Protein chains: 2
Amino acid sequence: MSRLYNQYCPVARVLDVVGERWALLIVRELLLGPRRFTDLAEGLPGIGTSVLTTRLKQLEQSGLVRRRILPAPAASVVYELTEEAVGLAGILVAMARWGMSLLGPRGQDDQVNGRWLVLALAVTAPDARPVPAGTYELRIDDEVLNIRALDGHLQPSQGPGPDPAATITMSGDTLAAIASGSLDLPSSQADELIAIDGDAAGARRLLESLHH
Amino acid sequence: MSRLYNQYCPVARVLDVVGERWALLIVRELLLGPRRFTDLAEGLPGIGTSVLTTRLKQLEQSGLVRRRILPAPAASVVYELTEEAVGLAGILVAMARWGMSLLGPRGQDDQVNGRWLVLALAVTAPDARPVPAGTYELRIDDEVLNIRALDGHLQPSQGPGPDPAATITMSGDTLAAIASGSLDLPSSQADELIAIDGDAAGARRLLESLHH
DNA sequence: CTGCATCCGCTTCGATACTG
DNA sequence: CAGTATCGAAGCGGATGCAG
């Protein structure tokens, strides 16, 4: 078991469960949908597989993560959040919102990942101009994600979007550049780096909300 | 510097700054007002003074905590949250809300502290029946705290309340018993353990919201 | 190939003792 | 009171090994 604070305090109890290194980032990875062990390891550079194993076991024991074996023919193991863990989303959202102010310019050795920034996008968008309702599919570095927009609220998840209003293709580097503000969105440079198929206006509105 | 994740992700950036052990609990302690080094150490059982020193330096360097020397005649050192850190309150609130479901019955060796539960009180109250507006002073184990209620929102802070509508005196154990549900509030047993001076109805309403 | 377990060098933590 | 010094124990990161 992890080292406990032994405090009768709700905040301390949360930290008992997800306060150790990597734990909340694992939850972040699973927020967009189930993932396999190696996918998680890849999305968490530097974690070390033994720590990942330990954390997954701890999270499973805490009832936050479920280990599930996909039905044939896949037959592989995936990890997914339980219903208990959906409450954690509120914490992640609060962290992501405040963290946007800490993001600053992209550091020398900062890794970039499409799912991280899609999450950031979904969290910051409600503060910006509303995005037209619909599903937007994002293809970022060979990863396919989607965001469902409904009355100002944005729900991100992994996989192709069902009946997308627009499909946006770009690199993670480009998305990071938008987030950092180093790439202006209404620019010819941006048009070269971003391919939009479908509702271009809505897609632009979505991306604009990442940096405002 | 602390070990960084090196991810261009708002959540990871937050964890870079407050993700290490004890960091968020230090912020929790400071949420109710400035505190001295030894007060912090006392409110964080098991921390070890060298870790506390390290964390305070890191938080100061991150611009979240300010080290201030009180004017004469006190002339002692206090630590307080900066304006940057107020955004952290949203994270703590999200954690406290979700953490209430993890709280459960009080464990064998769970420490109890008035400020922790006052924080819990302030966070859960908006979900319950509204508390009449006004300031409520809480005296818990020789610690004096207060909660300002205004249209459903509760703002806790340390020290005596200005012009309190009611003064509530009780032990931390009693407050924990209410939170855990092991002590029913409208009961003769509770009346013996809780002393209310002033607006008893409002005070009861406040305490009721801790367990609903 | 995936999903770990094991080992090792290093860092961090917890606890206590000590100092201006 | 406000820390610094110290030291054993625990945890982490990286590499490697290996079974299904």
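Worth saying up front: this structure is predicted, and the values here are computed from it rather than measured. A note on names: the letters A, B, ... follow the listed sequences, proteins ahead of strands, and every chain is numbered from 1.
Residue contacts shown for B/Thr53 include a base, since a base heavy atom lies under 4.0 Å away.
Side-chain atoms of B/Asp16 and B/Gln7, non-hydrogen and from C-beta on, never get closer than 4.5 Å to each other. Looking at A/Val131 and A/His153, their side chains never come closer than 4.5 Å, going by heavy atoms from C-beta outward. Side-chain atoms of A/Ile91 and A/Val27, non-hydrogen and from C-beta on, never get closer than 4.5 Å to each other. Contact annotation: the side chain of B/Val51 never approaches that of B/Arg21 to less than 4.5 Å [non-hydrogen atoms, C-beta and beyond].
In this structure, B/Tyr79 does not reach the D/dC1 phosphate: none of its side-chain N or O atoms is under 4.0 Å from OP1 or OP2. Neither OP1 nor OP2 of D/dC1 sits under 4.0 Å from any side-chain N or O of B/Ser76.
B/Leu4 has its CG atom 15 Å from the C1' atom of D/dC12, to the nearest Å. A/Ile26 has its CD1 atom 12 Å from the P atom of C/dC4, to the nearest Å. Taking atom CZ of residue A/Phe37 and atom C1' of nucleotide C/dG3, one finds them 6 Å apart after rounding to whole Å. One can place CG of B/Leu70 at 13 Å from P of D/dC1, the figure rounded to the nearest angstrom. Rounded to whole Å, atom P of D/dC12 lies 18 Å from atom CG of B/Asn6. When the P atom of D/dG3 is taken as reference, atom CG of B/Leu40 falls 10 Å away, rounded to whole Å.
The aromatic rings of B/Phe37 and B/Tyr79 lie tilted to each other, with the angle between the two planes from 30° to 60°.
No side-chain donor from either of A/Trp116 and A/Gln111 sits under 3.5 Å from a side-chain acceptor of the other. With hydrogens and angles left out, the side-chain atoms of B/Ser171 and B/Thr174 include a donor and acceptor closer than 3.5 Å.
Within residues 56-69 of chain B, the residues approaching DNA chain D are B/Lys57, B/Arg67, by heavy-atom distance under 4.0 Å.
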Base-contact (B) and sugar-phosphate-only (S) positions in nucleotides 13-20 of chain C, heavy-atom cut-off under 4.0 Å, - elsewhere: SSBBB---

side-chain hydrogen bond (donor to acceptor under 3.5 Å, both in side chains) assessment of A/Asn146 paired with A/Ser157: CA-CA 6 Å; A/Asn146 71 85; A/Ser157 80; 3.2 Å; yes

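The residues A/Glu29 and A/Arg55 are annotated as not salt-bridged, no charged nitrogen and carboxylate oxygen being separated by less than 4.0 angstrom. Checked for salt-bridge contact, A/Glu60 and A/Arg66 miss the test: no charged N lies under 4.0 Å from a carboxylate O.
By the neighbour-count criterion of 12 heavy atoms within 6.0 Å, atom CD of B/Glu80 is densely surrounded, having more than that number from other residues, nucleotides or ligands.
Rotation axes derived from the C1' atoms of the five outermost pairs at either end of the helix from C/dC1-D/dG20 to C/dG20-D/dC1 lie 30° apart, to the nearest 10°.
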